[in-house]
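Report on the structure given below.
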Amino acid sequence: MKAMSTETPLDLKKTVNLPKTGFSQKANLAQTEPARLKKWSEMRLYDLIREARAGAQKFILHDGPPYANADIHLGTAMNKILKDFIVKSRNMMGYDAPYVPGYDCHGLPIELYVDRKLGAKKANMPAVAIRRACREHAAQALKRQTRDFQRLGILGEWDNPYLTMSNPYEAETARLFGRFVERGYVYKGARPVYWCIHDQTALAEAEVEYHQHTSPSVYVKFPLASDPSLIDPALAGRKVFVLIWTTTPWTLPANLGITVHPDFEYSAFEHGDEVYIVASELVGAVAEKCELGARDDAGNLPMPNVVARFPGAKLDRLACWHAWLDRESLLMVGEHVTLGGEADAETELDVSEARDKKSTGKAGTGCVHTAPGHGHDDFVIGKRYGLEIYCPVDNAGHFTPEVEHFAGQSVFEANPRIVEFMRERGLLLFTENYEHRYPHCWRCKNPVIFRATPQWFISMDQVAGDVVEKDEDGRDRSNFTENYSDEERGLRAAALREIENVNWIPAWGRDRMRNMFRGRPDWCVSRQRVWGVSIPVFYCAKCTEPVAEPEIINRVADVFEKESADAWYTREARELLPEGYVCKKCGADEWLKETDILDVWFDSGASSIAVLENRENLSWPADVYIEGGDQYRGWFNSSLMVGLAIHDRAPYKTVLTHGWTLDAQGKAMHKSAGNAVAPEEVIKDSGAEILRLWSASSNYFEDMRCSAEILQRVTDGYRKLRNTARFALGNLHGFDPARDTVAEPDLLEIDRWALAKLNEVVGKVREAYDAYEFHLVYHLLSEFCTVTLSARYFDIIKDRLYTFAPRNQARRSAQTALHQIADALARMLAPILVFTSDEIWENLPTDNDRPEAVHLALLPEANAAREDALLSNWQRLFEIRDDVLHALEEARIGKQIGSSLEARVEIAAAGDSYDLLIRYADELRYLLIVSEVNVLKSDEGVSGVVVKVEQADGKKCERCWNYSTRVGESARYADVCERCVAALEEIEASHDSEN
RNA sequence: CGGGGCAUAGCUCAACGGCAGAGCAGCCGCCUUAUAAGCGGUUUUAGCGCCAGAUUAGCGCAAGGUUCUGGGUUCGAAUCCCAGUGCCCCGACCA
């Protein structure tokens, strides 16, 4: 080795061990992520994880299938990222946690999309062709979604996801319907839907559009049938009428009741020898409108004479006579009644409009004409009171023959005739033309009606195992009653029981789910559509007897398994039924197929069975479901029903709810509002890693905000994590863990301190992962990197790492700590920063039997033995350090020093502080990063430490930059201090020994 | 209108009936051996005193954060209860 004394200070620099690593400072995520994905795909990382965890305890996260319609948005991305956090962290806890993604492929949005694309052509297309188009659209959408999900770094069985439109899944869906039938939950009823009488088809709300329309508005008298004194003694013996208002007179033949609000005050007022009941607040308005009473000379109507006032609840379950039919009309109470008239039939058809309006003016009477077959609210309340869902209107919009006076007439044509009819009989108080927005068919532009059609329902209260009781008319036999009892019966009771056994995170999920099941009506599973799984029921062509039998349904399912549910359309009924099957009722052998398909919620609700139970590597029930809060009404709900029907148990042990993604102001994101953050933009600009870190940084149990500023903060956070890792890696250059690791007892104390801090963080991070609190993981690691490592530990050990001889034991001590820190950091970050953690892993000096990718490794475990004494000593030392840094800053402001190494510090302390400082006296200059420290004893009783800063004595060492009076002592190394002389000699000696 | 949720610093989050905090951002500096990096200080304010004295800055004293608003329970509330405001989800054959 050549003498170094002749070398310039620049060459001296070469003897300093500066960081060196292939882990670049600049991440270039947008470029490097795809390369890493490719590598993982080639090495079959997901499969390797499965092999590594084979035989371990299973942990099943069951994926809620996103709808295979459009490209993913921020919320979809976040949802999948959170799932990946869970799956990766559980795998790294040692569980065997597979991930099978799924897609929800059937349903209206896709069919609507296809409708619009096909346009007029669709009318002449067979169902199979439409279904093919839907299938293609879904296949294409899910392909794009898969690509985008994979780009996010999410590992799973992407080559074998579950699709609700796959043959086995469709078959299983049909079989599950059979199970519901078998257990007696299924019945045929009726329910009102939008109906276009021109096209003779049901319409979805998305298929109606609103246009101005003129309807006849009518005020009609319904005579009270009950004893009026039950309402108020003052009414005894009077001729009492309840006044209703509607803009759809044609629904009056279907009137079965009148609904009032239980809490509103109602008045009975006189008009001639009759008494009319309306809401008190509307007495004046009604009298005015209907010209009740005689105007005085000034043209004013007198206020009617009110004979009684009472709450609406008084009317509950009394009866009126239908205005002209020989039939009762039941008085009911319902919260949906308003004084604005929104709840009348008019706005039944105008729901979204009515919801936006706070008040539609003072039309109406507060007594709502209720025809359960012709309105949504009417339907719901009708069910509650056990009314028939009566709809005497046929597909073409004609009254059925049973309708007296108007049989055969089209409903719109009948409108004026009904008005006239009522006028002639003195039932009508007033009529006028009423302009309002009214729903029209999107295709033929004609006004639509609300009309009850036969549908299949799943009963919430039917007792399992009972024989299905079906009316001739398919009328509902299982009344929904408000005074539901706790006795064990039906799906509702089972759901309420199981809800208590599920771990809901956050805990309010339990209440929400409970409320939902308490109040929910029977589940209507019929949809008048083609893109879905057909309801596998047959009807006798002769007597219309339905055949819904599990064995036959299973037969059909077997065909679906081979040919997909398309078979329902491509095959004749007799091909699907057993050979020679004849109607049990009439003996006929001609069959018709049900045309309705199953609600898509039935499809996705079936997933726990269709996927968890049918895949050999999964199991039922799932450990975890995690979705947005909207799924309480959706997937959480339907999945629970299916679980109960099949196994009498919830299909999930834990249900996590995540919030929605909002903009910077906390407003919902809409493409139209222009405040949406597009995931692909973030990925393109910053990388998927940033999206993942954002998902981890926010508390997902609440709604999560996202904006340019927030993403900037996240990016800054990422840089800090990356640079921290980079420092560790750079200083591990030349460190061979197997050879150079310093045994625990031989470590420098500050290195042990760093490891003790690491141990603390590891414990907390594990807890946070265990509790699915990823934002705590992020904040813990972020603060650990920023404060404990970057600002403290790393800054302090730089001197040792850079200036000591490479193989010096003290330097190896620091490296030993760094190695453990970097290793643990990579593991702890791995579930979140999937790309970066693996990059750290690659650049980390390895001992031999380490997994190939960090995702195959396990999370570090906290050491139970805590170094409490050491930690508390050092906590106090760092408090004193803060005081010193403060004093140094003052000296800096006073231009006494620049770098802290220019300083000599005098610390005066008393008591425990003094003892502590003396004990660590030799360490202090390194801890404080100054050139010299003197500890003085201050008088007892003086609290705190007093710090004095002065210029350090001596000259600056050109190598380590510390100040020393001994710089220049060595002739061989003229510009350096005594420590560096020693270091340089050590370096030379080791070079000699190598040669 | 009903069911549920959320509201703490510019941003993201702690504090879970017992002293309201962290990180980041901002501002002011230092360093140039993590270098498109690193480190430190600082970041509510009327008043009083000291220092200084053109100003800026500095030190001390004292008060000091309407934890969205208003009530209540409690010795004590960000926390529990009630009401209100704002935002979000659900109540639609949308997912």
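Atoms considered below: every heavy atom in the structure, side chains included; atoms not considered: hydrogens, waters and symmetry mates. We name chains A, B, ... by the order of the sequence lines, and we start the count at 1 in each one. These figures come from a predicted structure and were not determined experimentally.
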Are any of the side-chain heavy atoms of [X] and [Y] separated by less than 4.5 Å?
{"X": "A:Asp596", "Y": "A:Arg527", "answer": "no"}
{"X": "A:Ser790", "Y": "A:Lys720", "answer": "yes"}
{"X": "A:Leu711", "Y": "A:Cys706", "answer": "yes"}
{"X": "A:Val765", "Y": "A:Phe784", "answer": "no"}

Could you please name the option among [options] that lies closest to any side-chain atom of [X]?
{"X": "A:Leu108", "options": "B:rG5, B:rU33, B:rC94", "result": "B:rC94"}
{"X": "A:Trp508", "options": "B:rA14, B:rC93, B:rG4", "result": "B:rG4"}
{"X": "A:Lys13", "options": "B:rU33, B:rC31, B:rG29", "result": "B:rU33"}
{"X": "A:His775", "options": "B:rU12, B:rA34, B:rC13", "result": "B:rC13"}
{"X": "A:Pro109", "options": "B:rU35, B:rC94, B:rU32", "result": "B:rC94"}
{"X": "A:Gln25", "options": "B:rG40, B:rA34, B:rA95", "result": "B:rA34"}

In whole angstroms, how far is the [atom2] atom of [N] from the [atom1] atom of [X]?
{"X": "A:Asp882", "N": "B:rG41", "atom1": "CG", "atom2": "P", "value": "6 Å"}
{"X": "A:Lys798", "N": "B:rU32", "atom1": "NZ", "atom2": "P", "value": "12 Å"}
{"X": "A:Arg881", "N": "B:rC39", "atom1": "CZ", "atom2": "P", "value": "10 Å"}
{"X": "A:Asp71", "N": "B:rA95", "atom1": "CG", "atom2": "C1'", "value": "15 Å"}

When we call it a touch if two heavy atoms are under 4.0 Å apart, what does [X] touch: a base, just sugar-phosphate, or nothing?
{"X": "A:Ser790", "result": "base"}
{"X": "A:Ala664", "result": "nothing"}
{"X": "A:Cys524", "result": "nothing"}
{"X": "A:Arg633", "result": "sugar-phosphate"}
{"X": "A:Tyr802", "result": "base"}
{"X": "A:Gly634", "result": "nothing"}
{"X": "A:Gly659", "result": "nothing"}
{"X": "A:Phe727", "result": "base"}
{"X": "A:Asp630", "result": "base"}
{"X": "A:Gly730", "result": "nothing"}

Polar contact flag, side-chain donor to acceptor under 3.5 angstrom, A:Asn843-A:Arg726: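 The criterion, which ignores hydrogens and geometry beyond distance, is not satisfied for A:Arg726 and A:Asn843.
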Nucleotide N/O of nucleotides 85-88 of chain B paired with protein N/O under 3.5 Å:
from, atom 1, to, atom 2, distance (Å)
B:rC87, O2', A:Gly666, O, 2.4
B:rC88, O2', A:Asp703, OD2, 2.9

Check the phosphate of [N] against [X], side-chain N and O only, distance under 4.0 Å to OP1 or OP2. Yes or no?
{"X": "A:Asn699", "N": "B:rA14", "value": "yes"}
{"X": "A:Ser698", "N": "B:rC13", "value": "yes"}
{"X": "A:His886", "N": "B:rU42", "value": "yes"}
{"X": "A:Asn723", "N": "B:rA34", "value": "no"}
{"X": "A:Ser604", "N": "B:rA95", "value": "no"}
{"X": "A:Tyr194", "N": "B:rA92", "value": "no"}

Ring geometry between A:His106 and A:Trp531 (parallel below 30°, tilted from 30 to 60°, perpendicular above 60°):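 Perpendicular: the ring planes of A:Trp531 and A:His106 meet at over 60°.
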Donor-acceptor pair present, A:Glu889 side chain and B:rC30 base, under 3.5 Å: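 Answer no: no donor N or O sits under 3.5 Å from an acceptor.
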A:Lys764/A:Glu767 ion pair, N-O < 4.0 Å: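 So A:Lys764 does not pair with A:Glu767 through a salt bridge.
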Salt-bridge contact A:Asp63-A:Lys80 (side-chain N to carboxylate O under 4.0 Å):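 Counted as a salt bridge, because a side-chain N and a carboxylate O are separated by less than 4.0 Å.
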Pairs: protein N or O with nucleotides 19-24 of chain B N or O, under 3.5 Å:
from, atom 1, to, atom 2, distance (Å)
B:rA22, O2', A:Glu783, OE1, 2.7
B:rA22, O2', A:Glu783, OE2, 2.8

Donor-acceptor under 3.5 Å (A:Gln455 side chain, A:Gly189 main chain):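 No; zero donor-acceptor contacts below 3.5 Å.
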Verdict with reasoning, A:His775 to A:Tyr700, per ring pair (Phe, Tyr, Trp, His ring centres under 6.0 Å): CA-CA 8 Å; A:His775 65 293; A:Tyr700 70 83; 7.4 Å; no
